[in-house]
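Here the structure is a predicted model, which is why all the values come from computation and not from measurement. Order of appearance sets the numbers: ligands from 1, and atoms from 1 within every ligand.
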Amino acid sequence: MREGQHVSGGESFWKRVRRGVHFLVALCMALILVMTGEAKPRPDVLFIAIDDMNDWISLLDPEAPIKTPNLERLAARGMLFTRAYCISPACNPSRSALLTGLRPSTSGVYANNSDWRKALPKRRTIMQQFRAAGYSVRGAGKIFHHKAEGFHDEDSFDDFQMMAPQNMPPKKLNQGPEYGSRNTDWGVWPPDERKTIDFRTADYCIKALQSPVKDKPLFLACGIFKPHSPFFAPRRYFVDARKIGLPPRRADDWNDLPRGAQMLMGRTKWFWTGMTKLDRRLPGSFERFVQAYAACCSFADAQLGRVLDALDASPRRDRTIVVLWSDHGFHLGEKDHIEKFALWEKSNHVPFIVVAPGVTGEGVRCVRPVDLSVIYPTLLELCGLPEEKCDGRSAVPLLRDADSEWKHPAVMTYGRGNHAVRSERWRYIRYADGSEELYDHEVDPHEWLNLASRAEYKQVKMSHRSWLPSKEAGEVAGLRR
Ligand SMILES: [Ca+2]
Ligand SMILES: [Ca+2]
């Protein structure tokens, strides 16, 4: 017995040693997990898309007449990219490229009608990456281009609230029956803002943010449809038209445009010429149109504010990465153009904000040029998801330090063969026929003086041309014939 007791006493000593070793191993594992970040709960993502919002907003220019207090409120928490550009100035190519991480020149998705899923049948969207990583992916409103069946991607969401049809007034409001369609109309509508697409989208997102925090992290996509046409907003968002005014123009601006620009822009010329005719017949029409676009921006900003209020009231607030972008800009008569569909600054320059707790500082501005192809790889990196080959580069180095070296300019494409390259100083445009534009933003922010034909800028043109895609995919078939 004594011997047994002795043995037993010996076992308990070794048991204690083993327990000690197990404890040390567990402690080391925990330390490693904490150091590598794996023990932390994964962040939630609030992914906000705005449709057709340009840069004439106080977020990007405090002097601008369109006030966007909620965009500024969001920017104050993280990083505002002051030189952010769309990948393509049209809904479908912009959104498809952003959401798949592949440019139009890789996918062949150049047009609003292009069947992006046919072009990229197996490519995972950003949302599919998050679903595969165990996120609950929910969304509402306009994330993919919506105008016809087939653009939305069901596999990208666990739950999605589609946009209801646009609530239309009983008749056209702009008093220009001969000009455009009901879809390009503008005015005060509807009387009750709860009956708008965006109010409902914000409601969905507010509910999702209020849902209990469970095991699965949340990826919430909020697709705000305004200021996209028709330019309707409830009355309280309208500011006196004289306070908005008209954007700057130069009467002879088109004199130095090359053939490629004249050809490309000819397709949408009716929008501008129709406005000048309407304004002659019914003076003040142009001002009222611009005023309505401004009201639509304020309305979109207010819906963003409602979603941010819900985020702030939620325990998710400090663990949520917020990314906000507009799919492209919009001309309001600058360069005698109303519409997007151009490779000029006004159609390409967009609001783009990233708030990444623990990564971005507060109220930081980054002046490096980026296009929105950075979003896909940036979100994967920020959330610790596996890397995926993308056309864009992760902007995490810029999120950590806004002054990091960044050699890449922004590249924009509209239709096969037409591209723009934006560096910190210059915009270079090359059309499919080889004709060019070059603007010096240091002295010419409105892009009035095309320098492309001047010999002294040959080097500038060459250095920008080197960023154009070397191969261009053939155009994929359209969804509607
Ligand atoms: Ca759009
Ligand atoms: Ca000009």
Is the closest basic N to carboxylate O distance between [X] and [Y] below 4.0 Å?
{"X": "Arg73", "Y": "Asp309", "answer": "yes"}
{"X": "Asp51", "Y": "Lys226", "answer": "no"}
{"X": "Lys335", "Y": "Glu447", "answer": "no"}
{"X": "Asp327", "Y": "Arg95", "answer": "yes"}

Against [X], only a single residue in [options] fulfils ring-ring contact (aromatic ring centres under 6.0 Å, His included); can you say which?
{"X": "Phe231", "options": "Phe330, Phe299, Phe225", "result": "Phe330"}
{"X": "Trp272", "options": "Trp254, Phe286, Phe289", "result": "Phe286"}
{"X": "Tyr135", "options": "Phe130, Phe157, Phe219", "result": "Phe130"}

**Request:** Run through the protein N/O/S atoms less than 3.0 Å from the Ca ion (ligand 1) and write them out by chain and number.
**Result:**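 Near the Ca ion (ligand 1), the protein supplies Asp51 OD1, Asp52 OD1, Cys91 SG, Asp327 OD1, Asp327 OD2, His328 NE2.
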
**Message:** Nearest 10°: the angle subtended at the Ca ion (ligand 2) by Asp253 OD1 and Asp256 OD1?
**Reply:**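 Reported to 10°, the angle equals 140°.
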
**Request:** Answer yes or no for Asp252: is there an N/O/S atom below the 3.0 Å cut-off from the Ca ion (ligand 2)?
**Result:**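 False for Asp252.
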
**Message:** Let me check your reading of the structure: within less than 3.0 Å of the Ca ion (ligand 2), is there an N/O/S atom from Trp448?
**Reply:**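 So Trp448 counts as coordinating the Ca ion (ligand 2), yes.
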
